[in-house]
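What follows is a set of notes on a single structure, which appears directly below.
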Protein chains: 2
Amino acid sequence: VRAGDDLPALIAAAAPDLRDGDVVVVAQKVVSKVEGRVRALAEVAPTEEALALASEFDKDPRLVQVVLDESAELVRAAQGVLICETRHGFVCANAGVDLSNTGGEGVAVLLPLDPDASARRIRASLATRGKSTPDSGVNFDRMRIGVVISDSFGRPWRLGVTDVAIGAAGVAVLEDWRGRPDAQGRELRVTEVAVADQLAAAADLVRAKDSGEPVVLVRGAERFVTEDDGPGAAALRRSRGLDLFR
Amino acid sequence: VRAGDDLPALIAAAAPDLRDGDVVVVAQKVVSKVEGRVRALAEVAPTEEALALASEFDKDPRLVQVVLDESAELVRAAQGVLICETRHGFVCANAGVDLSNTGGEGVAVLLPLDPDASARRIRASLATRGKSTPDSGVNFDRMRIGVVISDSFGRPWRLGVTDVAIGAAGVAVLEDWRGRPDAQGRELRVTEVAVADQLAAAADLVRAKDSGEPVVLVRGAERFVTEDDGPGAAALRRSRGLDLFR
């Protein structure tokens with residue numbers, strides 16, 4: 001997959017039986033590649049700050065510079081890890097910048113500029129493919145397809161990464177249970193379920209990190225697929241005012 | 001489900017086609033109920049600390065006392081939320097203590113004392129059920145069944161809860177990719193994947209919070225099912241020495 005490739009066309013070709021109510025979980029990296037969100041380290045000139053951090057943490061100063069360029073705030077720098085708030089408001093290691101599976105040596109892949117917009121574009125394109133291929137067996141004039149763009153994030157108190165949604169369209173990203181009763185009629189403790197993150201995590205179970213499979217089709221989750229694009233993964237960000245750990 | 005009930009027998013009865021390589025994800029609450037891990041608030045005498053916290057956060061002081069009793073450390077108390085490290089080393093709201101879906105008014109359900117041991121017991125019992133019911137169509141003398149005990153945890157920088165594994169047996173809780181190459185032969189950035197947490201999250205997608213469905217059968221994840229019990233969800237705890245946010 002290269003910059004400018006038609007990602008929805010590639011997904012539709014790989015999933016000819018895509019149907020109304022399906023959710024497509026797309027790895028962030030392939031979205032970034034298509035959108036040209038890469039930087040060649042050879043063209044990066046590190047600042048004093050990047051040089052100092054790189055020296056302290058034994059990292060490539062050019063990579064550190066790319067991470068800083070993608071960050072709104074460096075939240076923690078310790079134990080060889082840079083925990084950043086990205087310009088989108090996500091808190092993750094290295095601001096989501098990655099050197100593995102990038103398709104080239106010395107190439108850093110960045111997060112999409114607006115992952116929710118990326119998800120909306122993929123969704124809009126996939127939605128019309130039922131109509132444009134009447135002989136495919138798809139009976140819908142306009143399919144409702146949920147799209148999640150996923151990335152692997154660490155967690156402060158648990159080891160290992162899990163995939164979360166950094167972009168979404170046509171998916172109920174947060175299922176709201178506030179005020180709803182439990183099976184005994186008592187108000188539920190759990191208020192909101194991060195459905196889009198759970199879809200991303202479920203999708204990650206069926207691929208390996210070295211398999212080069214960027215897209216997973218989730219079937220049976222139609223109760224989370226919405227008519228509208230919805231608020232996207234931006235709705236999953238905890239605002240600074242509610243943040244107890246910074 | 002009540003204290004002393006035979007939970008594996010209930011699971012086996014509900015899933016007569018359980019087979020080798022299946023993963024059973026069991027909600028923490030039903031495990032706690034079977035194990036009698038409940039406290040009646042009427043029998044709780046709050047301490048000065050609980051009374052002060054309850055007053056500050058407009059909570060029931062008896063519930064706060066139960067939360068403190070379950071906690072090794074109160075990590076944060078702010079915005080009406082008590083973030084605790086449980087005696088097992090999990091960091092979560094209210095030390096996992098819950099008043100909803102408890103089966104009675106004024107009854108708090110606590111986390112199992114040793115959720116990994118609970119998972120091992122369920123696994124051991126389920127493993128022999130292929131043998132004991134020869135007419136069930138199950139062909140295994142000893143089935144390899146993965147067991148995950150799940151609970152809903154919040155995240156410091158994302159809204160909504162996702163289900164995670166607080167107990168596990170017979171599941172590769174962390175998939176280790178350290179040192180393994182990516183599709184281009186470059187070392188992967190991602191080091192360990194929290195498989196057990198992703199199994200818990202996937203399972204949560206197929207039930208509603210008010211449905212009273214405590215167990216989900218995950219089929220197709222046999223590559224994560226192990227011969228041995230393994231280290232359990234204890235392996236997912238980040239040690240204090242690696243904690244950047246306390």
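Computed over heavy atoms, backbone and side chain alike; hydrogens, waters and symmetry mates excluded. The sequence lines fix the lettering, A, B, ..., with proteins before strands; numbering per chain opens at 1.
- With chain A as the partner, the residue from L236(B), V195(B), L199(B) showing the most heavy-atom pairs under 4.5 Å is L236(B).
- A heavy-atom distance below 4.5 Å is not found between the side chains of L111(A) and R87(A).
- Looking only at heavy-atom pairs under 4.5 Å with chain A, the residue among A202(B), A200(B), A201(B) that has the most is A201(B).
- Looking at A221(A), neither its backbone nor its side chain comes within 4.5 Å of chain B, counting heavy atoms on both sides.
- Of the listed residues D204(A), V218(A), I83(A), L174(A), the one with more heavy-atom pairs under 4.5 angstrom with chain B than any other is D204(A).
- From L159(B), atom CG reaches atom CG of L242(A) across 7.0 Å, with rounding to the nearest 0.5 Å.
- Between P231(A) and V173(A), the closest side-chain pair of non-hydrogen atoms falls below 4.5 Å.
- Across A208(B), G220(B), G89(B), the residue that shares the most heavy-atom pairs under 4.5 angstrom with chain A is A208(B).
- One distance of note links CG of N94(B) with CG of L68(B); it measures 10.0 Å at 0.5 Å rounding.
- The choice from G154(B), C92(B), P156(B) that makes the most heavy-atom pairs within less than 4.5 Å of chain A is P156(B).
- We find the CZ-CZ distance between R62(B) and R39(B) to be 11.5 Å, quoted to the nearest 0.5 Å.
- Within the 4.5 angstrom heavy-atom criterion, atoms from both the backbone and the side chain of R158(A) approach chain B.
- Chain A forms the most heavy-atom pairs under 4.5 Å with one residue out of V75(B), D176(B), D163(B), V164(B), and that residue is V164(B).
- Taking CD from E222(B) and CD1 from I145(B), the interatomic distance works out to 11.0 Å, rounded to the nearest 0.5 Å.
- Of all heavy-atom pairs spanning H88(B) and P115(B), the tightest one is CD2-CD, 3.5 Å.
- When heavy atoms are compared at a cutoff of 4.5 Å, R155(B) approaches chain A by way of both its backbone and its side chain.
- Residue with the most contacts toward chain B among E85(A), R240(A), R237(A), E175(A): R237(A) (heavy-atom pairs, distance under 4.5 Å).
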